[in-house]
Participant: 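For reference, the structure I am asking about is given below.
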Amino acid sequence: MKKRKRFYTLTILMLILFSCSENRLDVNIESIKVNIEHVNVDSLYRDANLQEAKDHHKTLKSKLDDLYLFEVSQNIQKNVDTSSYKSIYDFYQSEYIKTLEKEKLALFETMKLKKPIINNGFRYLKYHFNDVKIPMHIIYMNKLFSTIHCSDSSISVGLESYMSPENKTVKEIPNNQLYQWQKDRMNEEYITRDLLMHWIQVHLFDEIDSKLAEHIVQAGKLLYILNATIPNAEERIILRYSSEDLEWAKENEKMTWDYLVKEQFLFENNDRDKANFLNEGPQTIGLPEESPDRMGQFIGYQMVKGYMSKNKALSLQKLLEEDYNSILQTYEID
């Protein structure tokens with residue numbers, strides 16, 4: 001009899017441990033299909049002669065959407081017309097761009113390993129949001145360190161933004177053109193995260209102009225859904241923090257929340273406060289100098305994680321519809 005009791009106790013303990021460690025976001029996507037073409041525009045133009053550049057431009061114009069034309073116009077600094085292939089050729093033949101493209105070659109090898117992970121990210125997204133648009137094309141083209149852009153059907157990304165802060169060319173960029181804190185974050189491990197986050201933000205979230213508290217909760221929803229697309233990623237990757245920044249954020253969560261409450265920022269619609277707590281930068285303005293940036297996003301993520309742990313049956317679609325105040329009221333700091 002004692003052995004049987006011991007067996008039952010062990011079984012219950014194992015079930016409890018399993019349920020605590022189970023990742024609710026790591027769902028089965030085996031039946032989910034996506035069809036995404038990764039188009040390496042840089043490799044087409046890098047060594048092309050003038051005629052080849054003309055042919056590539058004609059093909060890409062007919063194959064890709066207006067996002068390609070937008071990026072081309074940004075690079076050549078004029079509107080795209082029938083003769084733009086000449087300017088594209090000149091752009092890729094300039095010494096600076098040739099240097100960048102040479103130094104990016106290793107990243108293109110890295111992308112071969114990342115493509116299945118990126119595609120799986122969109123499969124996870126499709127699992128949770130069946131009606132969401134999935135990009136037809138992910139376009140890799142030099143954007144001179146500008147951000148990722150999304151259209152209705154494509155994403156463009158410049159891999160030069162992920163070359164590493166230790167890269168010689170990156171180090172030589174004047175700090176008045178690219179701040180040091182921006183250079184420090186040029187890490188290829190964030191590519192998948194950034195692609196998925198930008199797409200989710202554009203295609204699932206409406207822009208709001210409201211109280212800081214609502215913006216904080218919306219940021220938390222975005223990060224939680226991002227986590228659902230890369231469910232086994234480290235938390236620091238989801239938050240785009242270093243390990244040290246994540247540790248600081250966790251240790252100072254209560255201090256940050258108390259500061260927001262004491263200063264009565266939460267229910268003010270103030271662009272300055274929203275920028276200070278939600279935007280990228282060297283730190284979160286108003287907090288100690290060693291703080292990471294975007295502590296408002298971190299607080300929002302903690303809120304939404306806590307809310308979802310209390311509402312295990314809630315789907316991600318329903319999470320999008322939840323009123324920010326309902327989530328705010330359940331917030332507890334461990």
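All values reported here derive from a predicted model rather than from experimental measurement.
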Participant: Can any side-chain N or O of E52 pair as donor or acceptor with the backbone N or O of N49 at less than 3.5 Å?
Facilitator: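 It does hold such a pair.
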Participant: Under a 4.0 Å threshold between the charged nitrogen and the carboxylate oxygen, would D194 count as salt-bridged to R185?
Facilitator: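 Judged by the 4.0 Å cut-off on N to carboxylate O distance, R185 and D194 do not form a salt bridge.
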Participant: Would a 4.5 Å heavy-atom cut-off, applied to side chains only, mark Y307 and Y224 as touching?
Facilitator: no
Participant: When rounded to the nearest 0.5 angstrom, what distance separates OH in Y85 from CG in L50?
Facilitator: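 Interatomic distance, Y85 OH to L50 CG, rounded to 0.5 Å: 5.5 Å.
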Participant: Do any N or O atoms from the side chain of T229 and from the backbone of F122 form a donor-acceptor pair under 3.5 angstrom?
Facilitator: no
Participant: Side-chain polar contacts of residues 137-146 - donor-acceptor pairs under 3.5 angstrom, sequence neighbours left out - could you list them?
Facilitator:
{"unit_1": "Y140", "atom_1": "OH", "unit_2": "H38", "atom_2": "ND1", "d": "2.9"}
{"unit_1": "N142", "atom_1": "OD1", "unit_2": "L144", "atom_2": "N", "d": "3.0"}
{"unit_1": "N142", "atom_1": "ND2", "unit_2": "E101", "atom_2": "OE2", "d": "2.8"}
{"unit_1": "K143", "atom_1": "NZ", "unit_2": "E71", "atom_2": "OE1", "d": "3.3"}
{"unit_1": "K143", "atom_1": "NZ", "unit_2": "E71", "atom_2": "OE2", "d": "2.5"}
{"unit_1": "K143", "atom_1": "NZ", "unit_2": "T147", "atom_2": "O", "d": "2.9"}
{"unit_1": "K143", "atom_1": "NZ", "unit_2": "H149", "atom_2": "ND1", "d": "2.9"}
{"unit_1": "K143", "atom_1": "NZ", "unit_2": "S156", "atom_2": "OG", "d": "3.2"}
{"unit_1": "S146", "atom_1": "OG", "unit_2": "K143", "atom_2": "O", "d": "3.1"}

Participant: What I want to find out is whether R236 reaches E189 closely enough, with some N-O distance under 4.0 Å, to be called a salt bridge.
Facilitator: yes
Participant: Ignoring hydrogens and geometry, is there a side-chain-to-backbone donor-acceptor pair from E214 to K211 under 3.5 Å?
Facilitator: no
Participant: Measure the shortest side-chain to side-chain distance between Y259 and M295 over non-hydrogen atoms and say whether it is less than 4.5 angstrom.
Facilitator: no
Participant: Hey, what do you get for OG (S242) to CH2 (W248), rounding to the nearest 0.5 Å?
Facilitator: 12.0 Å
Participant: What residues join V202 in its hydrophobic cluster, counting side-chain heavy atom gaps under 4.5 Å, either direct or through other members?
Facilitator: none
Participant: Is the shortest side-chain heavy-atom distance between H128 and V27 below 4.5 Å?
Facilitator: yes
Participant: To the nearest 0.5 Å, how far apart are CG in N119 and CD1 in I36?
Facilitator: 4.5 Å
Participant: Please check this pair: side chain of R193 against backbone of A233, looking for a donor-acceptor N/O pair closer than 3.5 Å.
Facilitator: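 Pair absent, no side-chain N/O of R193 close to backbone of A233.
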Participant: Can you find a heavy atom in the side chain of L246 that is under 4.5 Å from one in the side chain of F298?
Facilitator: yes
Participant: Please check if the number of heavy atoms outside F70 that lie under 6.0 Å from its CZ is greater than 12.
Facilitator: yes
Participant: To the nearest 0.5 Å, tell me how far H215 NE2 sits from Q297 CD.
Facilitator: 12.0 Å
Participant: Please check this pair: side chain of D81 against backbone of S84, looking for a donor-acceptor N/O pair closer than 3.5 Å.
Facilitator: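 Flag set: sc D81 to bb S84 pair under 3.5 Å.
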Participant: Is the shortest distance from a Lys or Arg side-chain nitrogen in R240 or E280 to a carboxylate oxygen in the other one below 4.0 Å?
Facilitator: no
Participant: Given side-chain hydrogen bond (donor to acceptor under 3.5 Å, both in side chains), test T330 with K310 step by step and report yes or no.
Facilitator: CA-CA 9 Å; T330 65; K310 295 180 177 73; 5.1 Å; no
Participant: Answer whether the closest heavy-atom distance between the side chains of P231 and Y124 falls below 4.5 Å.
Facilitator: yes
Participant: Answer yes or no: does atom CG of D66 have more than 12 heavy-atom neighbours from other residues, nucleotides or ligands under 6.0 Å?
Facilitator: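 For D66, atom CG is not crowded (no more than 12 foreign heavy atoms under 6.0 Å).
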Participant: With distance as the sole test, does N120 use its side chain to make a donor-acceptor pair with the main-chain N or O of R123 at under 3.5 Å?
Facilitator: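 Judged by distance alone, no pair lies under 3.5 Å.
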Participant: Charged N to carboxylate O below 4.0 Å: is that the case for K58 and D55?
Facilitator: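 Judged by the 4.0 Å cut-off on N to carboxylate O distance, K58 and D55 do not form a salt bridge.
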Participant: Would the distance check show the side chain of Q218 and the main-chain N or O of D206 forming a donor-acceptor pair, the cut-off being under 3.5 Å?
Facilitator: yes
Participant: Is it the case that the side chain of Y331 and the backbone of G300 share a donor-acceptor pair, with hydrogens and angles ignored and the cut-off at 3.5 Å?
Facilitator: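 Not a single qualifying donor-acceptor pair exists.
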Participant: Ring centroid separation for H56 and Y89, is it under 6.0 angstrom?
Facilitator: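 Centroid separation for H56 and Y89: 6.0 Å or greater.
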Participant: Can K318 and E321 be counted as an ion pair, charged N to O under 4.0 angstrom?
Facilitator: yes
